[in-house]
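Letters A, B, ... mirror the listed sequences (proteins, then strands); counts begin at 1. All heavy atoms count here, side chains included; hydrogens, waters and symmetry mates do not.
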Amino acid sequence: MKTFADKVRTIVGKIPRGKTMTYKEVATRAGNPRAARAVGAIMRKNYDPAIPCHRVIKSDGSMGGYNRGGAVVKERILIKEQTVV
DNA sequence: TAGTTGACCGGAA
DNA sequence: ATTCCGGCCAACT
């Protein structure tokens, strides 16, 4: 944990299955509630499979993007994880 | 060191 | 309810 990105990665990796966090929430947990944009920028550059970025959505409830397939697949994953308890 | 970019958020029309 | 504009923050070049 050295940079904001490291914190964000750790936090996102702690998100339990069947649950979703908004970028703002993650940013807040990372230390800056206003760094939601930065969080997105970091996720975009991060390609770590250990980081379920698909569980991170916008505060509106919509999903931003997804470096691994797209928002469509992202939604699919969320539904799947929530269904398969 | 400074400038640019980006998966956002909130308010206003 | 939807669309447009400005603002904030961190990382990358």
Side-chain angles (χ1 to χ4, degrees):
Chain A
M1 197 181 282
K2 300 192 303 296
T3 64
F4 202 83
D6 278 305
K7 295 183 189 176
V8 174
R9 287 196 276 180
T10 305
I11 294 164
V12 175
K14 283 177 189 149
I15 300 176
R17 177 184 15 123
K19 198 167 184 146
T20 48
M21 284 180 85
T22 63
Y23 291 98
K24 202 163 127 196
E25 284 291 299
V26 177
T28 303
R29 293 224 178 210
N32 287 346
R34 302 178 187 173
R37 189 179 254 183
V39 174
I42 292 160
M43 298 312 248
R44 178 187 167 283
K45 293 187 296 181
N46 187 44
Y47 280 76
D48 194 318
I51 301 168
C53 18
H54 55 265
R55 290 187 191 159
V56 187
I57 59 175
K58 301 208 300 185
S59 14
D60 290 284
S62 310
M63 33 208 102
Y66 195 44
N67 54 9
R68 287 191 143 171
V72 184
V73 177
K74 187 170 172 181
E75 185 179 33
R76 203 104 178 241
I77 295 167
L78 293 173
I79 294 168
K80 190 183 232 180
E81 300 226 326
Q82 285 181 73
T83 304
V84 185
V85 181

In whole angstrom, give the distance that lies between atom [atom1] of [X] and atom [atom2] of [N].
{"X": "A:Lys58", "N": "B:dG10", "atom1": "NZ", "atom2": "C1'", "result": "12 Å"}
{"X": "A:Asp60", "N": "C:dT3", "atom1": "CG", "atom2": "P", "result": "12 Å"}
{"X": "A:Lys24", "N": "C:dA10", "atom1": "NZ", "atom2": "C1'", "result": "18 Å"}
{"X": "A:Met63", "N": "B:dG6", "atom1": "CE", "atom2": "P", "result": "22 Å"}
{"X": "A:Lys2", "N": "C:dC12", "atom1": "NZ", "atom2": "P", "result": "11 Å"}
{"X": "A:Asn46", "N": "B:dT5", "atom1": "CG", "atom2": "C1'", "result": "17 Å"}
{"X": "A:Met21", "N": "B:dA7", "atom1": "CE", "atom2": "C1'", "result": "16 Å"}

query: Distance check: side-chain N/O of A:Arg34 vs OP1/OP2 of C:dC8, anything under 4.0 Å?
result: no

task: Report yes if a side-chain nitrogen or oxygen of A:Asn67 is closer than 4.0 Å to either non-bridging phosphate oxygen (OP1 or OP2) of B:dA7; otherwise report no.
output: no

Please report the shortest heavy-atom distance between [X] and [Y], naming the atom on each side.
{"X": "A:Met43", "Y": "A:Asn67", "result": "O-ND2, 3.9 Å"}
{"X": "A:Ala5", "Y": "A:Ile42", "result": "CB-CG2, 3.4 Å"}
{"X": "A:Ala27", "Y": "A:Ala35", "result": "CB-C, 3.6 Å"}

Under 4.0 Å, heavy atoms only, any strand: does [X] hit a base, just the sugar-phosphate, or nothing?
{"X": "A:Ala41", "answer": "base"}
{"X": "A:Thr3", "answer": "sugar-phosphate"}
{"X": "A:Ala38", "answer": "base"}

Candidates [options] - which lies nearest the side chain of [X]:
{"X": "A:Asn32", "options": "C:dA11, B:dC9, C:dC9", "result": "C:dC9"}
{"X": "A:Met43", "options": "C:dA11, B:dG6, B:dA7", "result": "B:dA7"}
{"X": "A:Ile42", "options": "B:dC9, B:dA7, C:dA11", "result": "C:dA11"}
{"X": "A:Lys45", "options": "C:dC12, B:dC9, B:dA7", "result": "C:dC12"}

- request: Assess whether one donor atom and one acceptor atom, taken from the side chain of A:Tyr23 and the base of B:dA7, lie less than 3.5 Å apart.
  value: yes

query: side-chain contact (heavy atoms from CB on, under 4.5 Å) between A:Arg17 and A:Arg55: does it pass, once the steps are laid out?
result: CA-CA 8 Å; A:Arg17 177 184 15 123; A:Arg55 290 187 191 159; 3.7 Å; yes

query: Are A:Lys14 and A:Arg29 close enough, and set up right, to give a side-chain contact (heavy atoms from CB on, under 4.5 Å), and what steps lead you there?
result: CA-CA 11 Å; A:Lys14 283 177 189 149; A:Arg29 293 224 178 210; over 6 Å; no

